[in-house]
Amino acid sequence: MEIIFNFNDSMRALLGGALIGLSASLLMLFKGRIAGISGIVHGIFFSKDNGKAWRLVFILGLVFGGYLSFYFLDNPFHTELTFSNSQFIIAGLLVGIGTKVGNGCTSGHGVCGISRFSMRSIFATLVFIGSGVLTVFLMRSM
Amino acid sequence: MFKYIISFVCGLLFSLGLTISGMTLPHKVIGFLNVFGAWDITLLFVMAGAILVYSISFIIIKKGEKPLLDSKFHLPIAQKIDKKLFIGAVLFGVGWGLVGLCPGPAITSLSSGSPQILYFVGAMIIGSAVPKLLFR
């Protein structure tokens with residue numbers, strides 16, 4: 001096993017993480033809501049409460065933040081990887097189904113749930129990181 | 001109006017956190033999941049930063065009776081670790097590992113205008129409607 005560690009990248013990651021924590025804190029403080037992105041996206045289309053509007057506005061803020069990032073980051077979305085269209089679609093379907101069945105994703109379980117010491121979230125996070133690790137391992141061996 | 005401004009600002013801060021930390025770079029995410037190869041541990045720091053802030057603020061916020069703009073806290077009630085949670089997390093992890101995208105970074109990356117991101121997000125929304133159709 002080889003470990004890649006870059007101090008500057010890691011400090012930026014820590015700062016970015018703190019911003020995510022701040023965003024989740026404000027959402028809980030003002031609206032009493034968990035900042036779980038999969039649940040918020042799903043709720044725009046399928047929620048039965050009257051919370052479609054705030055969810056949509058949150059998602060608009062998320063996309064707008066992406067645009068803003070172009071002004072201070074060289075290439076916020078550039079990746080060294082290329083995948084086929086069908087791989088994106090299959091991955092999207094799995095993420096959509098999985099986060100619905102498992103009630104959360106990296107943000108809802110991985111950040112908010114773990115911070116609340118929810119056993120379900122700690123378990124889910126270990127499982128999805130584990131299956132992600134296995135998937136990457138298998139894809140690399142093919 | 002104010003509650004929508006708050007929602008927008010929260011979304012904005014969240015995505016700035018994602019882009020600054022490198023979560024919107026699929027090769028970094030896949031590097032983080034590449035434990036058996038060259039393991040890029042950068043994203044551990046994203047989780048550490050977020051959990052550090054939120055775990056402390058959550059304790060303080062929960063001392064209040066209710067949120068500032070709502071009548072109650074909307075917290076998950078499920079406690080049990082069951083098969084459904086396991087299966088969901090496994091499927092999500094496979095999709096995450098396939099292209100290095102989870103929901104937050106995928107939505108944020110819509111701003112790049114990449115059609116592949118659009119396919120992913122479209123499939124994700126459709127996918128999230130599937131379980132209800134199957135288990136009605």
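First the proteins, then the strands, lettered A, B, ... as listed; each starts at 1.
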Open item on the list: side-chain contact (heavy atoms from CB on, under 4.5 Å), that's the test. Do B/Val53 and A/Ser25 meet it? Break it down for me.
Closed with: CA-CA 8 Å; B/Val53 171; A/Ser25 304; 4.0 Å; yes

Task: Heavy-atom check, side chain of B/Thr108 versus side chain of A/Phe77, under 4.5 Å - done: yes

- [ ] Using a 4.5 Å cut-off on heavy atoms from C-beta on, say whether the side chain of A/Arg120 contacts that of B/Asp82.
- [x] yes

Task: B/Trp96 and its side chain to side chain contact (heavy atoms under 4.5 Å, CB included) partner, picked from A/Val136, A/Leu94, A/Ile129 - done: A/Ile129

Open item on the list: Is the ring pair B/Phe8/A/Phe64 parallel, tilted or perpendicular, if the boundaries are 30 and 60 degrees?
Closed with: tilted

TODO: For atom CG of A/Asn75, decide whether the heavy atoms of other residues, nucleotides or ligands shown that lie under 6.0 angstrom number more than 12.
DONE: yes

Task: Toward chain B, the part of A/Ser118 with a non-hydrogen atom under 4.5 Å - done: neither

TODO: Please report the shortest heavy-atom distance between A/Ser115 and B/Ile51, naming the atom on each side.
DONE: OG-CA, 3.4 Å

TODO: State the OG1-NE2 distance between B/Thr24 and A/His78, to the nearest 0.5 angstrom.
DONE: 12.0 Å

Task: Stepwise side-chain contact (heavy atoms from CB on, under 4.5 Å) check, B/Phe14 with A/Leu27 - done: CA-CA 10 Å; B/Phe14 202 101; A/Leu27 200 64; over 6 Å; no

Open item on the list: Please give me the minimum heavy-atom distance between B/Leu85 and A/Ala124, naming the atom from each residue.
Closed with: CD1-CB, 4.0 Å

Task: 4.5 Å side-chain heavy-atom contact, A/Leu15 and B/Ser21 - done: no

TODO: Measure the shortest side-chain to side-chain distance between A/Ser38 and B/Phe92 over non-hydrogen atoms and say whether it is less than 4.5 angstrom.
DONE: no

Open item on the list: Looking at every heavy atom in both B/Ala48 and A/Leu14, which two are closest together, and how far apart are they?
Closed with: CB-CD1, 4.3 Å

Task: Top contributor to chain A interface from B/Ala123, B/Cys102, B/Gly113 [non-hydrogen pairs under 4.5 Å] - done: B/Ala123

Open item on the list: When you group the ILVMFWY residues by side-chain heavy-atom contacts below 4.5 Å and let the links chain together, are A/Ile44 and A/Phe58 in the same group?
Closed with: yes

Open item on the list: Taking atom CZ as the centre, does B/Phe86 end up with more than 12 heavy-atom neighbours from other residues, nucleotides or ligands that are less than 6.0 angstrom away?
Closed with: no

- [ ] Could you tell me whether the side chain of B/Leu25 reaches within less than 4.5 Å of the side chain of A/Thr79, counting heavy atoms only?
- [x] no

- [ ] Could you tell me which of B/Ala78, B/Gly64, B/Gly100, B/Ser71 has the largest number of non-hydrogen atom pairs under 4.5 Å with chain A?
- [x] B/Ala78

Task: Region of B/Phe36 that comes under 4.5 Å of a non-hydrogen atom in chain A - done: side chain

- [ ] Heavy-atom distances under 4.5 Å only: say whether A/Leu22 touches chain B with side chain, backbone, both or neither.
- [x] both

Open item on the list: Tell me which of these, B/Cys10, B/Ser57, B/Ser55, has more heavy-atom pairs under 4.5 Å with chain A than the rest.
Closed with: B/Cys10

- [ ] Could you look at A/Phe83 and say if it's the side chain, the backbone, both or neither that has a heavy atom under 4.5 Å from chain B?
- [x] both

Task: Nearest heavy-atom neighbours spanning B/Ser7 and A/Lys31 - done: OG-CD, 3.6 Å

Task: Part of A/Asn6 lying under 4.5 Å from any heavy atom of chain B - done: neither

Open item on the list: Using side-chain heavy atoms (C-beta onward) and a distance below 4.5 Å, is B/Gln116 in contact with A/Asn85?
Closed with: yes

Task: Atom of A/Phe88, atom of B/Phe120 and distance for their closest heavy-atom approach - done: O-CD1, 3.4 Å

TODO: Taking A/Thr135 for its side chain and B/Leu98 for its backbone only, find out whether a donor-acceptor pair lies under 3.5 Å.
DONE: no

- [ ] Apply side-chain contact (heavy atoms from CB on, under 4.5 Å) to A/Asp9 and B/Lys28, showing your working.
- [x] CA-CA 11 Å; A/Asp9 278 5; B/Lys28 289 293 266 187; 3.2 Å; yes

TODO: Look at B/Leu68, B/Leu91, B/Ile125, B/Ile5 and state which one has the largest set of heavy-atom pairs under 4.5 Å with chain A.
DONE: B/Leu68

- [ ] May I ask you to test the A/Thr125-B/Met47 pair for a side-chain heavy-atom distance under 4.5 Å?
- [x] yes

TODO: Let me know if B/Ile61 has heavy atoms under 4.5 Å from chain A in its side chain, its backbone, both or neither.
DONE: side chain

TODO: May I ask you to decide if the ring planes of A/Phe30 and B/Phe2 are parallel, tilted or perpendicular, using 30° and 60° as cut-offs?
DONE: perpendicular

Task: Side chain / backbone / both / neither for B/Leu18 at chain A, heavy atoms under 4.5 Å - done: both

TODO: Would you mind checking which part of A/Ser131 comes under 4.5 Å of any heavy atom in chain B, side chain (CB onward), backbone (N, CA, C, O), both or neither?
DONE: both

Task: Nearest heavy-atom neighbours spanning A/Val111 and B/Tyr54 - done: O-CD2, 4.3 Å

Report, one line per pair, each donor and acceptor closer than 3.5 Å where one atom sits in a side chain of residues 65-72 of chain A; sequence neighbours left out.
from    : atom 1 : to      : atom 2 : distance (Å)
A/Ser69 : OG     : A/Gly65 : O      : 2.7
A/Ser69 : OG     : B/Thr19 : OG1    : 2.8

Open item on the list: Does any backbone or side-chain atom of A/Met119 lie under 4.5 Å from a heavy atom of chain B? Answer side chain, backbone, both or neither.
Closed with: both

Open item on the list: Would you compute the distance between atom OG of A/Ser107 and atom CE of B/Met23 and round it to the nearest 0.5 angstrom?
Closed with: 9.0 Å

- [ ] Against chain B, label A/Arg140 side chain, backbone, both or neither, depending on which of its atoms sit under 4.5 Å from a heavy atom there.
- [x] side chain

Open item on the list: Within the 4.5 Å heavy-atom criterion, are A/Val95 and B/Pro103 side-chain neighbours or not?
Closed with: yes

TODO: Verify, without hydrogens or angle tests, whether A/Ser23 (side chain) and B/Leu13 (backbone) share a donor-acceptor contact under 3.5 angstrom.
DONE: no

Task: chain B contact via A/Asn103 - which portion, at a heavy-atom distance below 4.5 Å - done: side chain

TODO: Could you look at B/Lys62 and say if it's the side chain, the backbone, both or neither that has a heavy atom under 4.5 Å from chain A?
DONE: neither

